[in-house]
Amino acid sequence: MESNSALQEIKDRLVKAKSVTVLTGAGISADSGVPTFRGADGLWKNYRAEELASPEAFERDPKLVWEWYNWRRELIATKSPNAAHIALVELEKQIDRFWLITQNVDGLHPAAGSKKLSEIHGNIWKVRCTDCGRVEGNHDVPIAILPHCTTCRGLLRPHIVWFGESLDSEDLRNCHEALRSCDLFLIIGTSGTVYPAASFGSVAKEQGAFVAELNLDPTPNSGLVDVTVQGRAKDLVPELLK
Ligand code: BJW
Ligand code: ZN
């Protein structure tokens with residue numbers, strides 16, 4: 001389908017939809033200047049995210065992992081939500097039953113004003129104690145390495161879901177309810193390679209939703225969705241509301 005008519009089809013579905021669920025990934029924040037994970041600029045000191053984002057990496061070298069997070073905190077602190085984040089806040093206001101699922105940990109959706117939101121991989125501005133489990137907000141840039149819990153002196157870690165770790169069960173419940181009940185499921189700016197989010201498109205489709213993808217490049221989701229539109233999130237998402 002030609003790009004303009006695919007976009008028009010999504011707009012028509014949006015007008016009729018009673019329930020809309022959206023999944024976002026790093027591509028939506030790329031337009032704010034936050035590097036994606038699998039792009040060439042996703043590297044840090046020649047480490048790939050997969051090598052640092054694991055409980056084993058943190059156990060082996062917590063200082064190295066915190067240094068990586070400090071680099072990212074410094075970078076993300078200078079970035080702001082873009083037109084795509086803002087358009088999703090507008091959509092949340094317009095649609096009765098709306099849910100936004102983001103894999104992004106940069107906090108740009110809540111910064112834009114999104115409220116009906118699951119940050120399924122956590123948030124870089126929160127820390128969690130590895131001993132007592134207490135979660136708290138922390139906006140230090142940079143954070144003191146190594147940071148310790150003010151309650152029990154345990155080592156703090158980022159409140160982020162690493163490879164091999166389970167997603168929060170309440171988040172997963174909310175996501176599955178949002179996938180089950182939506183008429184329209186929009187997948188924006190994710191490579192569709194990390195589970196369980198990578199399966200959300202097929203879950204929504206099996207449950208009867210119309211599934212649309214907006215991405216700069218083709219992805220493994222492109223073959224299974226009803227329509228896919230190639231382009232930048234900051235251009236395409238605001239266009240949906242016009
Ligand atoms: C644009 C754009 C523009 C660019 N506009 N678009 C089933 C099968 C196989 C493996 C597994 C499975 N189930 C679980 C696993 C294991 C694992 C997994 O998925 N591995 C895969 C690599 C195969 N999953 C897990 O471990 C998850 N846990 C779990 O399932 O627990 C139970 C379990 C465990 C083990 C086995 C079985 C079950 C947890 C996953 C947590 C992922 N966390 C990370 C790292 C966080 C670190 C941090 O940020 O600090 O989250 S991984 C990293 O990837 C990050 C992202 O949220 C995530 C997704 O990346 P995303 O958003 O898609 O970004 P990119 O860079 O990949 O893509 C960007 C896209 O945007 C591209 O397509 C561009 O083209 C596009 N783009 N500019 C629009 N301007
Ligand atoms: Zn503690």
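Each ligand, and each atom within it, is numbered from 1 in the order the structure gives.
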Of the listed options [options], closest to [atom] (non-hydrogen atoms):
| atom | options | result |
| --- | --- | --- |
| atom 72 (C) of ligand 1 | I188, D106, N215 | N215 |
| atom 49 (O) of ligand 1 | R72, E119, E50 | R72 |
| atom 47 (C) of ligand 1 | Y195, F163, Y69 | Y69 |
| atom 39 (C) of ligand 1 | R38, E165, Q103 | E165 |

Measure V105 to ligand 1 on non-hydrogen atoms and call it side chain, backbone, both or neither using the 4.0 Å cut-off. side chain
Between A53 and ligand 1, which residue portion shows a heavy-atom distance shorter than 4.0 Å: side chain, backbone, both, or neither? side chain
Looking only at distance, does [X] have an N or O less than 3.5 Å from an N or O of ligand 1?
| X | value |
| --- | --- |
| G164 | yes |
| G189 | yes |
| N104 | no |
| A30 | no |
| I28 | no |
| L216 | yes |
| T219 | no |

Hey, are E67 and K63 close enough for a salt bridge, meaning a charged N less than 4.0 Å from a carboxylate O? yes
Indicate yes or no: does E177 engage R180 in a salt bridge with an N to O separation below 4.0 Å. yes
Angle class for the W66/F58 ring planes (parallel below 30°, perpendicular above 60°, tilted otherwise)? perpendicular
Close-contact set for ligand 1 against V161 heavy atoms, below 4.0 Å: 39 (C), 41 (C), 42 (C), 43 (N), 46 (C)
Out of all atoms in ligand 1, which are within 4.0 Å of some heavy atom of A26? Include the element for each. 61 (P), 62 (O), 64 (O)
Looking just at side-chain N and O atoms, do [X] and [Y] make a donor-acceptor pair shorter than 3.5 Å?
| X | Y | answer |
| --- | --- | --- |
| T151 | R134 | yes |
| S19 | D183 | no |
| Q8 | N4 | no |
| T24 | H109 | yes |
| N174 | S118 | no |

Yes or no on side-chain contact (heavy atoms from CB on, under 4.5 Å) for V89 and K93, after CA distance, side-chain angles and deciding distance? CA-CA 7 Å; V89 179; K93 290 181 187 148; 4.2 Å; yes
Given SG of C152 on one side and SG of C129 on the other, what angle do they make at the Zn ion (ligand 2), to 10°? 100°
Working note: L88 + I188, criterion side-chain contact (heavy atoms from CB on, under 4.5 Å); need CA distance, chi angles, decisive distance, verdict. CA-CA 11 Å; L88 290 178; I188 305 170; 4.3 Å; yes
Determine, for W99 and R97, whether the Lys NZ or Arg CZ falls below 6.0 Å from the six-membered ring centre while staying within 45 degrees of the axis. no
Take atom 37 (C) of ligand 1 and look for protein heavy atoms under 4.0 Å from it; say yes if you find one, no if not. no
Can you check whether a protein heavy atom sits less than 4.0 angstrom from atom 2 (C) of ligand 1? yes
